[in-house]
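Following: one structure in structure tokens, then a few remarks.
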Amino acid sequence: MSVQQFSVFPSLADSVFSDRFSRIDKLFSQLTGDNPVTSVPAYDLQRVEDNRYALTVSVPGWKEHELEIELRGGRLSVAGHRDDASEESSGEIRQENSSWIHRGISRHDFQMSFSIPEHMKVTGASLADGLLSIDLIQEIPESEKPRRIPIAIGGPRTLEHQ
């Protein structure tokens with residue numbers, strides 16, 4: 001099982017180093033024939049509105065009972081755990097004496113972890129056509145929202161008594 005952590009709002013440096021690591025990892029995987037270390041599903045993160053986001057994870061062939069979404073302490077975790085019985089009952093038609101010649105469809109357990117900002121909540125999740133969609137909303141309390149402080153022109157005003 002591979003575990004990889006992601007930030008919901010990655011910095012430019014993170015994406016540059018991550019991209020370089022992915023390229024090197026894929027190159028060594030091609031040379032050695034091993035599976036890449038970073039064998040986690042692809043994902044998209046979209047800002048739907050100012051405070052709403054949609055995280056979409058590509059999980060073709062996975063069933064909803066094999067997937068788990070957890071939000072705990074500023075971390076959103078998405079995991080997939082296959083049991084051997086579910087692989088055989090996944091609709092694959094096999095003859096009794098058959099064997100695989102090539103099996104290239106990934107069947108590895110995975111876990112992805114995202115750092116999320118404070119006050120972020122998961123509002124729903126759905127699985128359709130091999131895509132796991134997770135809806136997120138960030139509700140910042142009024143007391144914590146930034147506010148503009150007006151600047152007086154000409155310095156402080158004093159009241160004179162007449």
Side-chain angles (χ1 to χ4, degrees), residues 1-94 98-141 144-145:
M1 173 171 70
S2 71
V3 176
Q4 190 166 16
Q5 296 184 358
F6 302 96
S7 173
V8 171
F9 303 101
S11 68
L12 178 61
D14 289 342
S15 65
V16 169
F17 290 121
S18 174
D19 186 46
R20 287 182 183 167
F21 177 76
S22 295
R23 288 183 192 168
I24 292 169
D25 187 39
K26 287 179 185 176
L27 176 65
F28 280 115
S29 297
Q30 289 173 349
L31 294 174
T32 63
D34 293 334
N35 288 333
V37 173
T38 56
S39 60
V40 293
Y43 72 94
D44 291 336
L45 180 63
Q46 179 182 12
R47 178 179 287 193
V48 180
E49 291 178 6
D50 285 341
N51 63 342
R52 288 189 36 216
Y53 301 87
L55 174 65
T56 305
V57 182
S58 175
V59 288
W62 290 82
K63 308 286 186 232
E64 61 254 3
H65 71 274
E66 299 171 322
L67 298 170
E68 182 179 300
I69 302 167
E70 184 178 80
L71 180 61
R72 181 187 301 175
R75 303 215 59 78
L76 174 66
S77 297
V78 179
H81 304 284
R82 285 194 193 262
D83 46 295
D84 294 334
S86 70
E87 281 190 35
E88 296 303 321
S89 66
S90 64
E92 298 171 346
I93 300 172
R94 291 187 52 198
S98 69
S99 62
W100 293 103
I101 295 171
H102 175 74
R103 195 165 186 184
I105 298 173
S106 177
R107 295 183 181 345
H108 303 290
D109 290 357
F110 71 90
Q111 182 171 353
M112 304 169 69
S113 181
F114 299 88
S115 296
I116 60 171
E118 194 175 4
H119 307 297
M120 184 76 77
K121 297 177 183 176
V122 175
T123 59
S126 63
L127 179 64
D129 299 328
L131 296 174
L132 176 64
S133 300
I134 303 170
D135 300 320
L136 303 159
I137 189 165
Q138 185 176 22
E139 295 176 340
I140 300 174
E144 294 185 22
K145 286 185 180 178

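From a predicted model like this one, the values you see are computed outputs, not experimental measurements.
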Of the non-hydrogen atoms in [X] and [Y], which two are nearest, and what is the gap between them?
{"X": "W62", "Y": "H81", "result": "CZ3-N, 3.4 Å"}
{"X": "S58", "Y": "L131", "result": "CA-CD2, 3.9 Å"}
{"X": "L127", "Y": "E64", "result": "CD2-N, 3.6 Å"}
{"X": "L71", "Y": "K121", "result": "CD2-CA, 4.2 Å"}
{"X": "P60", "Y": "R82", "result": "O-NH2, 4.0 Å"}
{"X": "F114", "Y": "V78", "result": "CE1-CG2, 4.4 Å"}

* To the nearest 0.5 Å, how far apart are CE in M120 and CD in E139? ->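 If we round to the nearest 0.5 Å, M120:CE and E139:CD are 10.5 Å apart.
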* **Nearest-0.5 Å distance that lies between atom CD1 in I137 and atom CZ in R52** => 6.5 Å
* I69 and S77: side-chain contact (heavy atoms from CB on, under 4.5 Å), yes or no, with the steps? -> CA-CA 6 Å; I69 302 167; S77 297; over 6 Å; no
* To do: Please step through side-chain contact (heavy atoms from CB on, under 4.5 Å) for the pair I134 and L132, ending with a clear verdict.
  => CA-CA 7 Å; I134 303 170; L132 176 64; 4.3 Å; yes
* Using side chain to side chain contact (heavy atoms under 4.5 Å, CB included) as the criterion, point out the one residue from L45, I116, V122 that pairs with L55. =>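 That would be L45; it is the only one of L45, I116, V122 passing the side chain to side chain contact (heavy atoms under 4.5 Å, CB included) with L55.
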For residues [X] and [Y], determine if any side-chain heavy atom of one lies less than 4.5 Å from a side-chain heavy atom of the other.
{"X": "Y43", "Y": "V59", "value": "no"}
{"X": "R75", "Y": "S115", "value": "yes"}
{"X": "L136", "Y": "L76", "value": "yes"}

* Asked: Quick one: does Q138's side chain have a donor or acceptor within less than 3.5 Å of a partner on E118's backbone?
  -> yes
* Any donor-acceptor N/O pair, E66 side chain to K63 backbone, under 3.5 Å -> yes
